[in-house]
Amino acid sequence: MRTNCQILAFILTTWGIIALHCPRSIAQQQVSYRVSEVDSLRAIIQTQRQKPDTNLVKSYLQLSALLQSKSIQEAERWAKEAIAIAEKLKEPKFLGRSYTQLGVCYRLQSQYDRSYILQIQASPLLEKCNDKDGLSQTLKEIGVVHYYEQEYEKALEFFKKSLLLKKELKQNLSLSYNNIGAAYESLGQFAKAIEHYELALVYAATNDWKSIAYTKTNLSNALVKIKQYEKALRNATEALQMLEKLGDKQALAECFVNIGSIYLKMNQPRQAEAFLKEGLVLAEQMKLKNISIEAFRLLAEKEKKLKNFERALYYYSNYMTLKDSLYSKEKARELAKMQAKYHTLQTERENLKLKQHEIEQKNTITRQYYITLAISVVLLLVGIIAGLVFRNYQKGKRINQELERQKEEIQSQRDILESQHKALEEKNAQIQKSIQAALTIQQAALPDLEKFANFFSDFFVFFKPRDVVSGDFYWLERIDQTTIIAVADCTGHGVSGAFMSLIGKILLDKIILQEKILNPALILTKLHEEVQKSLRQKETHNQEGMDIALATFMPLPDQRVELHFAAARSSIYYTEQVNENSLEIMRLKGTKQSIGGIQNLRKPFENLTLVLPKKTIIYLSSDGYIDQNNKQQQKFGKENFRNLLAQICHLPLQEQQQRLQQVLETHQHNTPQRDDILVVGVQL
């Protein structure tokens with residue numbers, strides 16, 4: 001079922017200064033962005049600048065609203081331009097609307113305090129000039145800020161004020177009722193939430209299936225919380241039918257599992273089975289791990305209700321495999337302890353063998369000495385020799401008895417050693433099996449090469465983990481015409497790094513695929529917050545996180561590609577044509593701020609935007625290649641890496657990968673690999 005955060009991402013969408021009554025998320029508004037509209041507005045602005053008036057302010061605000069889903073920094077700049085002109089014209093209506101639009105830009109960058117101050121400044125200006133349309137949007141924005149700050153009572157107050165104005169203006173009320181329903185649900189007032197979700201359905205456009213489907217899903221979730229399962233099931237089923245027509249597989253997977261859980265709550269496990277299995281198939285196809293985990297858990301619960309304990313165990317095992325850790329530090333310490341004990345016993349065994357050899361040598365020398373002495377004085381000292389021989393015999397007997405006892409002790413220790421060694425091998429085999437299982441899971445989580453082939457004309461992925469599993473990972477998806485690619489370097493390597501990489505992959509799936517956020521800087525900001533929340537870093541003070549480079553590509557109609565890039569302590573390289581026969585490697589640097597950790601963002605992540613010709617090659621890399629040592633403990637270095645790319649960028653990308661590998665092996669020259677290595681190259 002959808003969480004409150006998912007409901008918020010769905011309901012509280014972002015508008016321009018003119019209200020857009022759209023029940024989808026900001027990511028979907030980005031898809032609707034049309035280059036022609038921006039170009040037309042830019043052309044109009046060029047003519048209007050000669051004589052600044054209110055029409056120029058309107059154009060600035062429209063351009064800012066269009067760009068806020070594409071380049072938030074540029075949208076912010078145009079909103080500030082609108083404020084400057086409105087102040088010169090002394091127009092309170094347009095100054096208030098300009099404050100509201102700039103506040104939207106700040107909210108989209110999670111700068112809630114700055115957004116709130118601007119909306120509070122806008123409110124009296126719009127109220128004074130009786131601009132009800134603008135004031136409605138301002139009040140809604142104040143409510144959104146309170147909602148993000150988890151001040152649900154205040155959010156509800158402003159949502160209601162915005163609704164009253166929309167009623168006066170006779171505008172579409174569906175989204176306003178959805179906002180109010182979300183606030184009531186967050187306050188635990190489910191009856192009121194249901195009432196407002198139902199009103200949202202009444203006012204929704206009849207052909208807006210997406211809006212109706214998601215509203216019915218929200219309504220179903222609220223009905224489950226008050227145990228009205230029949231009604232919840234009816235709404236969820238209707239939402240499912242609409243989603244099937246829309247072909248939204250991710251929402252379908254969640255909806256199938258949702259319906260299955262409702263049937264289980266109604267104690268109808270057999271009816272639940274078909275929906276849960278259908279949802280599981282879709283979730284596995286889409287690699288939606290969180291939905292798969294929930295499906296496995298509910299299937300295990302279903303089999304338990306039917307007393308099919310063997311099947312319940314099977315589903316529970318799959319649930320635990322995805323959910324639980326595959327490797328523990330305790331096992332690692334135990335393995336190290338057993339290895340140390342094994343080496344100690346080996347040393348003791350060698351010492352005992354050496355001691356036995358020394359005793360045997362000493363005994364031989366002693367016997368030879370007495371025999372030689374006896375022969376020398378045989379005639380004179382027969383009696384003495386006889387006594388000495390008897391004495392020597394007795395001593396030898398005792399020595400032999402001691403040797404026999406030591407031999408038995410050595411045999412016993414050897415048996416113990418072999419038993420412990422066998423146990424050590426079994427433990428090691430179990431650990432290796434777990435690590436191999438972790439490798440299988442990590443490989444399944446990474447995009448396959450066929451996806452790269454579908455999205456790019458040429459590519460390579462040079463991926464060389466230091467251990468079996470890796471703390472580096474790459475991520476690739478396409479939403480409509482926008483392709484998103486990321487390369488991340490998580491804290492640590494081996495199993496600990498792999499766990500962090502899976503968390504990073506799951507959070508990127510949530511932010512981009514579920515919440516439909518496509519702005520790179522906003523993605524990194526959200527990722528930073530989600531890592532802190534997922535690892536409870538404010539309570540535990542752990543510093544786990546990642547460095548990441550993330551880029552989006554959108555084709556333009558003139559055989560060029562628009563690139564948006566943001567990074568946390570990482571960079572991106574790309575080729576630039578200097579002349580007909582020469583390419584140069586350019587570098588874009590990201591923000592010097594890691595993802596995760598207990599620190600607050602000292603500096604917001606920034607978007608960098610480029611328009612590049614097709615056939616441009618983009619390189620994303622972790623720092624493993626650059627930081628690899630040679631025998632003299634010298635790193636390969638950023639400058640050498642950039643020069644190497646300049647030398648090979650004219651080659652086909654598969655040959656580039658081979659050259660990268662050859663150069664690394666020559667530089668490394670049997671020096672141990674110090675970190676995971678990941679370099680990805682794609683041709684637009």
Side-chain angles (χ1 to χ4, degrees), residues 4 7-23 25-26 61 65 68 79 91-108 111-204 211 215 218 222:
N4 284 342
I7 294 169
L8 176 62
F10 167 71
I11 296 175
L12 301 178
T13 57
T14 303
W15 299 272
I17 198 65
I18 305 301
L20 301 175
H21 300 289
C22 175
S25 66
I26 180 64
L61 292 177
Q68 70 189 28
E91 285 282 352
K93 173 181 175 178
F94 291 100
L95 183 59
R97 288 194 172 204
S98 301
Y99 283 150
T100 298
Q101 177 58 22
L102 182 58
V104 170
C105 295
Y106 285 142
R107 175 172 65 77
L108 291 174
Q111 299 179 33
Y112 301 128
D113 52 348
R114 298 178 74 179
S115 176
Y116 185 80
I117 290 169
L118 284 166
Q119 306 302 348
I120 293 300
Q121 287 178 300
S123 179
L125 293 172
L126 297 169
E127 192 171 0
K128 181 179 179 181
C129 59
N130 199 29
D131 181 6
K132 294 182 180 180
D133 189 17
L135 183 59
S136 171
Q137 299 309 311
T138 301
L139 293 173
K140 182 271 301 178
E141 277 297 318
I142 295 172
V144 172
V145 172
H146 281 305
Y147 196 105
Y148 279 127
E149 297 290 349
Q150 298 183 356
E151 297 171 345
Y152 303 121
E153 291 282 2
K154 291 183 179 178
L156 186 61
E157 176 187 343
F158 285 96
F159 287 153
K160 287 182 176 180
K161 289 179 180 179
S162 176
L163 174 64
L164 289 174
L165 289 174
K166 286 186 179 294
K167 285 182 177 179
E168 287 185 36
L169 297 168
K170 297 182 180 180
Q171 294 178 348
N172 191 318
L173 307 179
S174 179
L175 186 58
S176 295
Y177 282 122
N178 247 323
N179 291 347
I180 294 171
Y184 274 127
E185 189 168 350
S186 297
L187 289 167
Q189 299 181 36
F190 303 121
K192 289 186 177 180
I194 290 166
E195 176 188 345
H196 285 83
Y197 287 145
E198 289 175 340
L199 284 170
L201 288 173
V202 170
Y203 286 98
S211 174
T215 303
N218 295 341

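Not measured: the values here are computed from a predicted model.
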Distance col, row F159:CZ vs L175:CG, nearest 0.5 angstrom, shows 9.0 Å

Using modelled atom types only, decide if a donor and an acceptor are shared between the side chain of S186 and the backbone of Y152 within a distance under 3.5 Å.
no

So how far is it from Q111 CD to L118 CG, rounded to the nearest 0.5 Å?
10.5 Å

Which value, rounded to the nearest 0.5 Å, describes the distance between L125 atom CG and R97 atom CZ?
12.5 Å

Nearest 0.5 Å, please: how far is NZ in K128 from CG in L135?
14.5 Å

Roughly how far apart are Y99 OH and L126 CG, rounded to 0.5 Å?
11.0 Å

Donor on one side chain, acceptor on other, T100 and T138, under 3.5 Å
yes

Is there a donor in the side chain of E185 and an acceptor in the side chain of N218, or the other way round, less than 3.5 Å apart?
no

Indicate yes or no for a side-chain donor-acceptor contact from S123 to the backbone of Q119 under 3.5 Å, with no hydrogens or angles considered.
no

Do you see a donor-acceptor pair shorter than 3.5 Å between the side chains of E141 and Y116?
no

For K160, the option from L139, N179, I180 that meets side-chain contact (heavy atoms from CB on, under 4.5 Å):
I180

Rounded to the nearest 0.5 Å, how far does CG of L163 lie from OG of S136?
8.5 Å

Between K161 and E157, does a side-chain contact (heavy atoms from CB on, under 4.5 Å) hold up when you go through it step by step?
CA-CA 6 Å; K161 289 179 180 179; E157 176 187 343; 3.3 Å; yes

Can you confirm whether Q171 sits close enough to D133 that some side-chain heavy atom of one is under 4.5 Å from a side-chain heavy atom of the other?
yes

Side chain to side chain, S115 and V104, heavy atoms closer than 4.5 Å
no

Once you measure the plane-to-plane angle for H196 and Y177, does it fall in the parallel (<30°), tilted (30-60°) or perpendicular (>60°) bin?
tilted

Donor-acceptor side-chain pairing of S176 and Y203 below 3.5 angstrom
no

Could you tell me whether the side chain of S162 and the main chain of F158 form a donor-acceptor pair under 3.5 Å?
no

G96 to A122 - nearest heavy-atom pair and separation
O-CB, 3.2 Å

